[in-house]
Amino acid sequence: MTIRDIATPTRTKEILKKYGFSFKKSLGQNFLIDLNILSKIVAAAELTKEKGVLEIGPGIGALTEQLSRQAGQVVAIEIDQRLLPILKDTLSSYPHTEVIHGDVLKMDVKLLIKEKFKEQKKVSVVANLPYYVTSAILMKLLEEKLPLENIVVMVQKEVAERISASPGSKAYGALTVLAQFYAEAEIITVVPHSVFIPQPNVDSAVLRLRIRERPAVEVVSEAIFYRVVKASFAQRRKTLSNNLMNNLFGKDKKEEMLQVLKEAGIDPARRGETLSIEEFARLSNIIAHAFEGQ
């Protein structure tokens, strides 16, 4: 029997009609119908039969089936219970693929990986992420220090540009610094909105995050590093000194704040988007040591 790919307009519409499936806008459901884009996603994940994949939001299984053909084990987490019988049908040819009903933001993903991928040498996350929870899911995956090789995700093009941005660019922000602290970011391809059902209003991009063996820079406290980065971008038009004073130190600690910047060799008049990740690390380490003494 020839297996027909899910990710074509005809097959996708057949499946949706068969099950009378209606899209929920609140879940950001946009199903990919382009096999060429799917092949680029799968290639970016660098899969082999010795590797496993954790997929988030499989939809009707278009990406899942392509992953199942390349990886030794696939586990997909789907939040929408209505999709479970559809996935049972569309993925019936892949016994090494398991679908779990749940919300990834509420799950112990580290435990899940430990339990489900005992035989696999390496595990990657691959997903077509809903726009409304992209940042939350990515930061959860990164901050929890999961044993991952790659995170390959379809995200809004603007978000991919932010995460892969360089210092001094308009796209560079807190999400850039925090993501690049843990991973090397690269845009694999831009994806037009026309290759989805239903079509979103904006274009997407496939983003690969290669997880670093150790963070890009050494920091005394990751919690303080996060706070410094987030405070530095609180109001983009304000100077670094203003943002740090208003969102970290407090207005009565201006002298201490200026002293810290002087010690870090950073001009108070600069803006957050001009600082490299190394400068953020230096600044946060000085602040961490200053707080230790209090």
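Both backbone and side-chain heavy atoms feed into the values below; hydrogens, waters and symmetry mates do not. In this text the structure is predicted, and so the values were computed from the model without any measurement.
Under the rule for a ring-ring contact (aromatic ring centres under 6.0 Å, His included), the partners of Phe225 that lie at least two apart in sequence or sit in another chain are Phe181.
Other residues, nucleotides and ligands contribute only 12 or fewer heavy atoms inside 6.0 Å of the CG atom of Asn201. Within a 6.0 Å radius of NZ in Lys13, other residues, nucleotides and ligands contribute 12 heavy atoms or fewer. Counting non-hydrogen atoms of other residues, nucleotides and ligands closer than 6.0 Å to NZ of Lys49 gives a total above 12. Around the NZ atom of Lys122, the shell of radius 6.0 Å holds no more than 12 heavy atoms that belong to other residues, nucleotides or ligands.
Counting only distance, with no hydrogens or angles, the side chain of Arg227 and the backbone of Ser284 share no donor-acceptor pair below 3.5 Å. Between the Glu263 side chain and the Ile286 main chain, no donor and acceptor come within less than 3.5 Å of each other. Between the Thr12 side chain and the Ala7 main chain, no donor and acceptor come within less than 3.5 Å of each other. The backbone N or O of Gly59 lies less than 3.5 Å from a partner atom in the side chain of Glu78, making a donor-acceptor pair. Side chain of Arg82 to backbone of Tyr19: no donor-acceptor contact under 3.5 angstrom is found. Between the side chain of Asn128 and the backbone N or O of Asn30 there is at least one donor-acceptor pair closer than 3.5 Å.
Shown are Val133, Ile79, Ile56; of these, the side chain to side chain contact (heavy atoms under 4.5 Å, CB included) with Leu105 is made only by Val133.
If you check the side chains of Gln180 and Tyr172, you find no donor sitting under 3.5 Å from an acceptor.
Looking at heavy atoms from C-beta onward, Arg210 lies in side-chain contact with Arg208 at the 4.5 angstrom threshold.
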Begin with the C-alpha distance, continue with both residues' side-chain angles, and end with the deciding distance and a verdict on side chain to side chain contact (heavy atoms under 4.5 Å, CB included) for Met107 and Ile77. CA-CA 10 Å; Met107 295 173 79; Ile77 302 169; 3.7 Å; yes
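Under the 4.5 Å side-chain heavy-atom criterion for ILVMFWY residues, no single connected hydrophobic cluster contains both Leu87 and Leu67.
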